[in-house]
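Structure first, commentary second.
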Amino acid sequence: QVKLVESGGGLVQDGGSLRLSCATSGLIFSITAIDWYRQAPGRQREWVATIESTGITKSADSVKDRFTISRDNAKNAAYLQMNRLKSEDTAVYYCASDRPRVWGQGTQVTVSS
């Protein structure tokens, strides 16, 4: 059974940093791409970043210069380092595997201004 569990969310002040983790199990992690998404209250889920199995990364323009996605194949985990956080980054953050498509339960990030 494939499972993804996010952690590392919390309350941070505007301009602060957080590092989210996505722990996985049941996957051949080294050949799996991982996505990060977020969903703010009253808004649709929004793609944030992707890291391919090759290590190639892509991120949304809104976070490109502030967020960094990474992975550790030895730990079957992916990460999202978030710097210079803004109030508009407040959302529930989810990680997801590509094949099979499985979502974590999400972790809340709240940025106070």
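Quick note: numbers below take in every heavy atom, side chains included, and nothing from hydrogens, waters or symmetry partners.
- The residue from Gln108, Arg38, Gln39 that alone fulfils the side chain to side chain donor-acceptor pair (under 3.5 Å) condition with Tyr93 is Arg38.
- When each of Asp89, Thr90, Leu85 is tested with Val12 by the rule side chain to side chain contact (heavy atoms under 4.5 Å, CB included), just one qualifies, namely Leu85.
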| message | Go through it in stages, so that I can follow the logic: the residues are Ser25 and Val2, the test is side-chain contact (heavy atoms from CB on, under 4.5 Å), and I'd like the CA-CA distance, side-chain angles, deciding distance and then a yes or no. | response | CA-CA 6 Å; Ser25 58; Val2 177; over 6 Å; no
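- Between the Lys58 side chain and the Thr50 main chain, no donor and acceptor come within less than 3.5 Å of each other.
- The structure places OG of Ser21 at 10.5 Å from CG of Asp72, a figure rounded to the nearest 0.5 Å.
- Taking the ring centre of Tyr79 as origin, the terminal cationic atom of Arg71 falls outside the region bounded by 6.0 Å and 45° from the ring axis.
- The structure places CD1 of Ile69 at 9.0 Å from SG of Cys95, a figure rounded to the nearest 0.5 Å.
- Annotation: side chain of Arg19 is not in contact with side chain of Leu80 (no heavy-atom distance under 4.5 Å).
- Atom CD of Gln13 has 12 or fewer heavy atoms from other residues, nucleotides or ligands within 6.0 Å.
- A heavy-atom distance below 4.5 Å is not found between the side chains of Ser59 and Val48.
- Trp103 belongs to a hydrophobic cluster whose remaining members, ordered by chain and number, are Tyr37, Trp47, Val92, Tyr94; membership requires side-chain heavy atoms of ILVMFWY residues under 4.5 Å apart, directly or through intermediates.
- Judged by distance alone, the side chain of Arg84 and the main-chain N or O of Asp14 form no donor-acceptor pair under 3.5 Å.
- Asn76 and Thr24 share no side-chain donor-acceptor pair at under 3.5 Å.
- The number of heavy-atom neighbours closer than 6.0 Å to CZ of Arg101, taken from other residues, nucleotides and ligands shown, is above 12.
- Counting only heavy atoms from C-beta outward, the side chains of Thr32 and Asp98 approach each other to under 4.5 Å.
- Proximity of a side-chain donor or acceptor of Glu6 to a complementary backbone N or O of Gln105 within less than 3.5 Å is detected.
- For the residue pair Ser112 and Leu11, the shortest heavy atom distance occurs at CB-CD1, 4.2 Å.
- Nearest heavy atom pair, residue Ala91 against residue Ala40, reads CB-N, 3.8 Å.
- In this structure, the separation between OG on Ser97 and CD1 on Ile34 is 5.5 Å, given to the nearest 0.5 Å.
- Of the inter-residue distances, the one linking Ile31 atom CD1 with Arg99 atom CZ reads 8.5 Å to the nearest 0.5 angstrom.
- Looking at Thr107, its side chain does come within 3.5 Å of a backbone N or O of Gly9 through a donor-acceptor pair.
- Take Ser17 and apply the side-chain hydrogen bond (donor to acceptor under 3.5 Å, both in side chains) test, not counting sequence neighbours, and it matches Asn83.
- The distance from atom OG1 of Thr57 to atom NZ of Lys64, rounded to the nearest 0.5 Å, is 8.0 Å.
- A distance of 10.0 Å separates CG in Asp35 from SG in Cys22, rounded to the nearest 0.5 Å.
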